[in-house]
Amino acid sequence: MFKLVVKYTRQFTWAAILAPLLVALEVVLGVLIPQVMTSIIDDGINGIGGSNMALIYQLGGKMVIYSVLAMFAGAGSGICSAIASSGFVHNLRLEMYERIQDYSFKNMDKFEVPSLVTRMTKDMREIRMAYMAIVRMLIRSPLQLIMSTYMVFKINSELAKVFFVAIPVLGIGLYLISRFAHPKFRVLMKKFDAMNSSLEENFVGIRVVKTFVREDYEKEKFKTTSEGVMNQQRSAEGLVILNGPLFNLVMYACMIAVSYFGGRMIIGGSMTTGQFMAYLSYLRNILFGLMMVSFALMQIIFAQASVDRANEILNEKPDITDFNNDESLLLEDGSIKFENVSFKYSENAQKDALANINLDIKSGEMVGIIGSTGSGKTTLVQLIPRLYDVTDGELVVGGHNVKDYKIPNLRKDVAMVLQKNVLFSGTIEENMKWGDANATHEEVVEACKCAQAHDFIESFPKGYETDLGQGGVNVSGGQKQRLCIARALLKKPKIIILDDSTSAVDTDTDKRIRQALKERLSGMTSIIIAQRISSVMDADKIIVMDDGKIADVGTHNELMERNTIYHDLYETQQQGVSE
Ligand SMILES: Nc1ncnc2c1ncn2[C@@H]1O[C@H](COP(=O)(O)OP(=O)(O)O)[C@@H](O)[C@H]1O
Ligand SMILES: [Mg+2]
């Protein structure tokens with residue numbers, strides 16, 4: 001926690017330093033005020049030779065000044081600690097966000113999205129509370145405790161014996177409460193995670209929930225998770241709330257004891273009324289300070305779980321990084337060569353997702369990939385723009401090993417339309433410019449024409465200025481796919497990969513997209529993954545994938561003759577068409 005604080009407070013360090021200093025000032029004043037009060041009572045009111053009004057005014061003025069100063073110090077420290085804590089958390093959040101942006105697909109597979117969201121919101125709040133507690137209480141309370149205890153002993157060490165009983169009772173009580181409450185809070189955080197997870201899953205998939213009429217089931221499920229949080233909160237906080245009654249019990253017991261013994265001392269003449277009054281103030285200070293220390297410690301313990309979770313994000317090594325800093329190395333052409341490539345999604349995966357892939361694609365070729373779902377088609381093409389790194393073997397793209405390029409250089413020339421693609425909120429035109437920020441409107445139109453998207457865009461009342469909504473909700477699946485293709489084309493890449501990107505497009509449009517690709521972008525290597533053989537039959541070569549391996553490579557005619565899987569697939573698909 002402290003390491004993190006020192007590292008990320010940065011430009012708010014002044015506030016972080018000023019806050020405890022002001023707190024210290026406030027405490028010192030808080031200790032001086034009862035002393036002035038003692039003087040007022042003992043010297044001003046009950047002084048030798050009667051009351052002294054002048055002295056009372058003078059001391060009263062001093063007390064007012066101290067109080068006002070204490071108020072400003074208190075307010076100032078509050079403001080400073082708010083500035084420092086929110087600034088610190090802001091810096092931390094930014095850093096975490098930046099790290100996450102550098103994560104590879106593999107890194108992302110490790111964390112779940114709702115958990116990342118909780119870590120950046122709720123956990124940050126916990127850390128901020130602990131930070132405030134450190135700045136305000138962890139400095140204030142021990143200081144207050146020490147000074148008040150000193151004063152108490154100075155005034156009357158006999159009476160101070162009361163504290164030898166009170167402090168251990170309060171201390172043990174607070175310790176027991178936090179000890180039993182801590183594990184309950186840990187469980188509470190987990191339940192929160194579960195609740196957020198279920199919330200996000202439901203909201204993201206709300207359309208599916210509706211089509212399957214699962215609302216009642218989902219409501220029931222959420223009710224259970226939410227009840228889990230409620231019950232846990234009740235039991236954890238119910239325990240912590242005991243702090244208050246315990247504190248009151250001990251304080252009142254002390255007051256009674258101090259009044260009893262103190263009263264006898266006043267009557268016996270070994271203590272003055274003023275001292276007695278100050279005593280009660282210090283008593284309150286001491287017990288209150290003790291409670292605040294325990295509260296602050298508890299906050300820190302709670303926050304430790306959140307700090308650990310933040311550190312997990314910060315310390316995660318992006319698994320795909322530049323090996324070479326040569327900015328000038330660019331793809332020479334669109335050739336691709338797999339040499340004995342194997343790939344696993346994780347070290348402890350039982351089976352290779354790809355095994356012994358050997359493949360030679362020349363620049364400018366159109367390559368089709370066919371294979372059942374789960375045969376490794378997506379996995380194969382994801383290696384080309386280095387979304388994942390090969391586990392074994394070598395992948396050469398554009399004349400160099402993919403690891404030799406700076407990642408932006410590689411990805412600039414390799415455009416990939418992902419199988420699970422997304423558009424972002426904003427207009428169509430804005431989304432297209434992800435491909436090329438400097439593209440002119442004419443270039444955007446040209447790419448959209450090529451992807452057969454221009455006509456339907458024009459049919460929208462606002463045309464290219466149509467707002468897509470979050471995730472591109474207001475276009476159909478097939479339209480979305482065509483927009484994604486156009487966006488990739490705008491990059492003017494040397495290699496374009498379409499991963500099942502026309503699955504929701506009718507066969508006729510599909511065919512026109514392929515024709516346009518062939519005509520207008522000659523020289524560009526294209527890799528087309530498809531379910532329909534008709535989508536790939538005119539490719540220069542067709543790769544048949546099966547169970548993570550390349551089963552065959554050839555043209556349509558060659559494969560029809562020699563490959564039974566391909567032949568059978570073609571026959572079944574033809575039947576589907578003729579029926
Ligand atoms: N992110 C991932 N983590 C672990 N395994 C994965 C991941 N993505 C795909 N797989 C597994 O790899 C295999 C090949 O998947 P994939 O390449 O997506 O198949 P295809 O695109 O041919 O349908 C499947 O068995 C799948 O379960
Ligand atoms: Mg796939």
Side-chain angles (χ1 to χ4, degrees), residues 100 102-116 197 201 204 316-320 336 338 340-359 361 367-393 395 397 402 414-422 477-478 480-481 484-485 488 495-505 510 513 526-536 539 541-553 559 563 565-566 568-570 572-573:
I100 295 172
D102 284 341
Y103 280 8
S104 69
F105 280 38
K106 202 168 184 168
N107 295 127
M108 285 307 280
D109 289 346
K110 221 163 108 179
F111 293 99
E112 284 184 357
V113 174
S115 165
L116 288 179
S197 218
E201 189 174 50
V204 169
E316 175 80 6
K317 292 263 166 304
D319 101 296
I320 291 189
I336 301 164
F338 284 77
N340 271 319
V341 167
S342 300
F343 175 76
K344 273 185 187 181
Y345 274 101
S346 72
E347 273 105 63
N348 32 20
Q350 305 224 327
K351 201 167 144 280
D352 284 348
L354 292 174
N356 280 319
I357 303 289
N358 282 292
L359 189 62
I361 298 172
V367 180
I369 304 181
I370 286 278
S372 54
T373 46
S375 58
K377 305 180 298 292
T378 300
T379 310
L380 180 79
V381 295
Q382 277 177 345
L383 299 176
I384 300 170
R386 261 190 100 193
L387 298 178
Y388 290 91
D389 269 339
V390 300
T391 312
D392 249 319
L395 172 57
V397 173
V402 277
V414 181
M416 180 155 171
V417 181
L418 299 173
Q419 193 168 12
K420 297 177 211 148
N421 225 324
V422 277
K480 187 168 155 186
Q481 286 186 332
C484 289
I485 295 174
I495 299 170
I496 187 164
I497 301 167
L498 306 183
D499 188 355
D500 216 1
S501 306
T502 53
S503 57
V505 174
D510 183 21
I513 293 174
S526 49
I527 300 181
I528 299 172
I529 297 180
Q531 299 292 334
R532 293 188 291 245
I533 284 194
S534 64
S535 302
V536 295
K541 63 170 71 132
I542 299 163
I543 298 166
V544 184
M545 294 284 300
D546 184 35
D547 195 24
K549 291 179 209 61
I550 292 180
D552 209 339
V553 184
L559 290 173
N563 192 296
I565 306 177
Y566 189 85
D568 292 350
L569 191 62
Y570 183 72
T572 25
Q573 290 187 354

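Order of appearance sets the numbers: ligands from 1, and atoms from 1 within every ligand. The figures here come from the full heavy-atom set of this structure, side chains too, leaving out hydrogens, waters and symmetry mates.
- For Gly548, the closest heavy-atom approach to ligand 1 does not fall below 4.0 Å.
- Tyr388 and Tyr345 have perpendicular rings, their planes meeting at more than 60° on a 0 to 90° scale where under 30° would count as parallel.
- Residue Val417 comes nearest to Ser501 through the heavy atom pair CG1-OG, 3.3 Å, listed as atom of the first residue, atom of the second, then distance.
- Gln419 contributes OE1 and Thr378 contributes OG1; the angle these two atoms make at the Mg ion (ligand 2) is 90°, rounded to 10°.
- For the ligand labelled ligand 1, residue Ser375 lies inside the 4.0 Å heavy-atom shell.
- Nearest to atom 10 (N) of ligand 1 among the protein's heavy atoms is Tyr345 CE1, 3.2 Å.
- Nearest approach of Ile320 to Leu387, heavy atoms of both residues: CD1-O, 3.4 Å.
- Note that CD1 of Ile533 and CG of Leu569 are 4.0 Å apart. Values are rounded to the nearest 0.5 Å.
- For Phe343, no heavy-atom contact with ligand 1 is shorter than 4.0 Å.
- Distance remark: protein heavy atom present below 4.0 angstrom from atom 12 (O) of ligand 1.
- Note: an N/O pair closer than 3.5 Å links Asp109 and ligand 1 by distance alone.
- Here the shortest heavy-atom distance to atom 24 (C) of ligand 1, taken over Ala353, Gly376, Ala349, Gly374, belongs to Gly374.
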Legend entry - Ser503 and Gln531: CA distance, side-chain angles, deciding distance, side chain to side chain donor-acceptor pair (under 3.5 Å) verdict: CA-CA 7 Å; Ser503 57; Gln531 299 292 334; over 6 Å; no
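- A salt bridge links Asp510 with Arg532; the closest basic N to acidic carboxylate O contact falls under 4.0 Å.
- Those atoms of ligand 1 that come under 4.0 Å of a heavy atom in Tyr388, given as number and element, are 1 (N).
- For atom 18 (O) of ligand 1, the closest heavy atom belonging to the protein is Thr378 CB, 3.6 Å.
- In this structure a side-chain-to-backbone donor-acceptor pair under 3.5 Å is present from Gln481 to Ala504.
- Counting only heavy atoms of the protein, atom 17 (O) of ligand 1 lies nearest to Thr379 OG1, 2.4 Å.
- Ligand-side atoms of ligand 1 in range of Ser372: 22 (O), range being under 4.0 angstrom from any heavy atom.
- Using a 4.0 Å cut-off between a side-chain N of Lys or Arg and a carboxylate O of Asp or Glu, Asp389 and Arg386 qualify as a salt bridge.
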